Amino acid sequence: MDQQQTPLYDRLVLHAGKKPVSLHVPGHKYGLLFSGEERSFFRDIARIDATELSGLDDLHEPEGVIKEAETLLAGAYGAEKSFFLVNGSTVGNLAMILGAVNEGDTVFVQRNCHKSVLNGLQLAKARPVFLGPEIDKTWGVAGGVSLQTVEEAFARYPYCRAMIFTYPNYYGMVYELHEIIEFAHDREIPVLIDEAHGAHFSAGGMFPRSALELGADAVVQSAHKTLPAMTMGSYLHVNERYRFYERLKHYLTLLQSSSPSYPIMASLDLARFYLAQIDRDFINMIIESFLEFETKLMKIEEIRLINNDSNLFLRDPLKLIVQSALGISGFQLQQALETHAIYPELADELNVLFVLPLAPIKNSETIVQTLARIFAKAINGTRRQIDENIVFDVSKPYSTLACSYQEMMNMSQVSVPFHRAVGEVSAEAVIPYPP
Ligand SMILES: Cc1ncc(COP(=O)(O)O)c(C=O)c1O
């Protein structure tokens, strides 16, 4: 398979080159109707914002360039079949779960998952068994699930029909997924993975092993998070053991727009091409630049960085977790950074999270100097003491819903003060950020 090709992107460029007369949607008419300042922002991208015209194929029944692009995608990731998604990993998780899970099925799910996973389970009318993650105390972050937890839950719920895990977590932490997948497969249970933050893992080298490589049956990835793809551009891959292909396709058609964005799809084609270009030399350049960046940061007294060796979980090198050595909260650091127009991915009580580019870092010296100044000045603040027993209830390795999703829909709701909510059934999801 020639991974140098970008069939969908090329066809769009060819189409734009014809200077087409648009007597079709979208209404901006290849950008002609943008007239003010916005024209400079939208002009170029609007030239490839086409629709399902002859030669441009159809995402929902691909037979031409989209099919070619998706075949290249599957080849690049070593999947049996791969899909472009235009509504993020959100739609990928929904379709992956609805495809594999039947009403009333018992499904193991990692507790610290994205809301789309919970929404998928609710739509599928599943019976979730929530598996508690291991907690990394240094960073105050919930990581992955242990094999022991899976085994304990399985001893109690041996009729489990599917397992859903998040790998890596938002902070790029990975865990021993391989042995969990083996455990599940030995019992003929499919394993579905939300790998939203790991679309780049298959580059190899210093990156953790990808869930597909570890044998997962279906994997969802946000190409837009770590690869050069447009926001909402994601991938969904399935292996032959994922026996629900036709149902999955059906749900993708149901859940995705009938007018999928061509710029997003073209960027997915280009992101796969970008990943396929990455060779050992390029990875070495990335590693060197990351090491240089981290070494410089570690010299700054006020900054504390995660260290792979002393940590419970291995970390994706693209994610850099930074703390203040002076006890300032992550939220306060985020504020200080943003006043200098430096925008981290997220903050929590302890940390700020930087997502580095899948490329050597340019002008790292300037960034380090700016960070040094900001961290040195940000000394007026304190972290709140986190009561770990409340935030991370590790007393139960697994738990279930107090009543089924269907029962919940028919119950009436009351508002109570937060402290009185303990022991009640939550009427709506309270989703902390990061999700
Ligand atoms: C673990 C995880 N899964 C799924 C999603 C949803 O991804 P998307 O934004 O591509 O819809 C997110 C978004 O942050 C996420 O963090």
Side-chain angles (χ1 to χ4, degrees), residues 59 73 77 82-100 107 109-124 128 130-131 133-134 136 141-145 163-175 177 191-201 208 210-212 216 218-237 251-252 255-257 260-261 263-265 267-268 271-272 275 313 315-316 318-319 321 343-348 351-355 358 429-435:
L59 178 67
L73 177 66
Y77 279 92
S82 296
F83 298 89
F84 283 173
L85 306 175
V86 292
N87 190 19
S89 291
T90 298
V91 82
N93 282 334
L94 294 177
M96 175 172 75
I97 293 169
L98 285 164
V107 177
V109 58
Q110 183 173 338
R111 177 178 280 284
N112 55 327
C113 62
H114 187 256
K115 60 183 175 179
S116 55
V117 171
L118 300 175
N119 293 341
L121 288 168
Q122 180 170 1
L123 288 174
F130 299 102
L131 307 182
E134 304 294 300
D136 186 306
V141 166
V145 168
M163 298 192 190
I164 308 169
F165 298 100
T166 306
Y167 172 100
N169 70 356
Y170 211 127
Y171 296 80
M173 294 166 179
V174 292
Y175 53 101
L177 183 62
V191 179
L192 319 180
I193 302 294
D194 177 355
E195 200 181 46
H197 295 272
H200 58 294
F201 282 3
S210 75
L212 277 167
V219 178
V220 172
Q221 301 169 329
S222 294
H224 68 94
K225 290 195 196 297
T226 53
L227 298 181
M230 302 269 286
T231 296
M232 290 170 76
S234 290
Y235 300 140
L236 197 164
H237 310 280
Y251 280 111
L252 280 177
L255 296 168
Q256 295 206 95
S257 168
S261 156
I264 292 179
M265 292 191 284
S267 77
L268 287 172
R272 184 270 313 149
L275 187 69
F313 299 102
R315 172 180 64 89
D316 169 13
L318 235 53
K319 300 283 177 84
I321 310 175
Y343 293 89
E345 170 66 14
L346 65 85
D348 61 32
N351 314 296
V352 281
L353 176 69
F354 298 158
V355 180
L358 187 58
V430 180
I431 312 277
Y433 182 84

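Predicted, not measured: the structure shown is a model, and the values here were computed from it. One-based numbering, in listed order, for ligands and for the atoms of each.
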Derivation of the ring-ring contact (aromatic ring centres under 6.0 Å, His included) call for Tyr235 and Tyr77: CA-CA 10 Å; Tyr235 300 140; Tyr77 279 92; 5.7 Å; yes

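Close approach to Tyr170 involves these atoms of ligand 1, each under 4.0 Å from a residue heavy atom: 14 (O), 16 (O). Listed by number with element, the atoms of ligand 1 under 4.0 Å from a non-hydrogen atom of Ser222 are 7 (O), 8 (P), 10 (O). Close contacts of ligand 1 with His224, meaning ligand atoms under 4.0 Å from a residue heavy atom, involve 8 (P), 9 (O), 10 (O). In the vicinity of Thr90, heavy-atom distances shorter than 4.0 Å reach the ligand 1 atoms 6 (C), 7 (O), 8 (P), 11 (O). Near Ser234, meaning under 4.0 Å from any of its heavy atoms, are these atoms of ligand 1: 10 (O). For ligand 1, the atoms lying closer than 4.0 Å to a non-hydrogen atom of Ala196 are 2 (C), 3 (N), 4 (C). The ligand atoms of ligand 1 that sit less than 4.0 angstrom from a heavy atom of Asn93 are 4 (C). Interface atoms of ligand 1 facing Lys225, defined by a heavy-atom separation under 4.0 Å, are 7 (O), 9 (O), 12 (C), 13 (C), 14 (O).
Where the criterion is an N or O separation shorter than 3.5 Å, residue side chain and backbone included, Asn87 fails it with respect to ligand 1. The N/O atoms of Ser116, backbone and side chain alike, include none that comes under 3.5 Å of an N/O atom in ligand 1.
Residue contacts with ligand 1: Met232 is excluded, as none of its non-hydrogen atoms falls under 4.0 Å.
Checked by atom type, the side-chain pair His114/Asn119 shows no donor-acceptor distance below 3.5 Å. With hydrogens and angles left out, the side-chain atoms of Ser116 and Thr90 include no donor and acceptor closer than 3.5 Å. Under 3.5 Å, the side chains of Glu345 and Tyr170 contain a donor-acceptor pair of N or O atoms. When only modelled atom types and interatomic distance are considered, Lys225 and His200 share no side-chain donor-acceptor pair under 3.5 Å.
Here the side chain of Asn93 pairs no donor or acceptor atom with the backbone of Asp194 at under 3.5 angstrom. No donor-acceptor distance shorter than 3.5 angstrom exists from the side chain of Ser267 to the backbone of Ala229, with no hydrogens or angles considered. At least one donor-acceptor pair closer than 3.5 Å links the side chain of Glu195 to the backbone N or O of Ala211.
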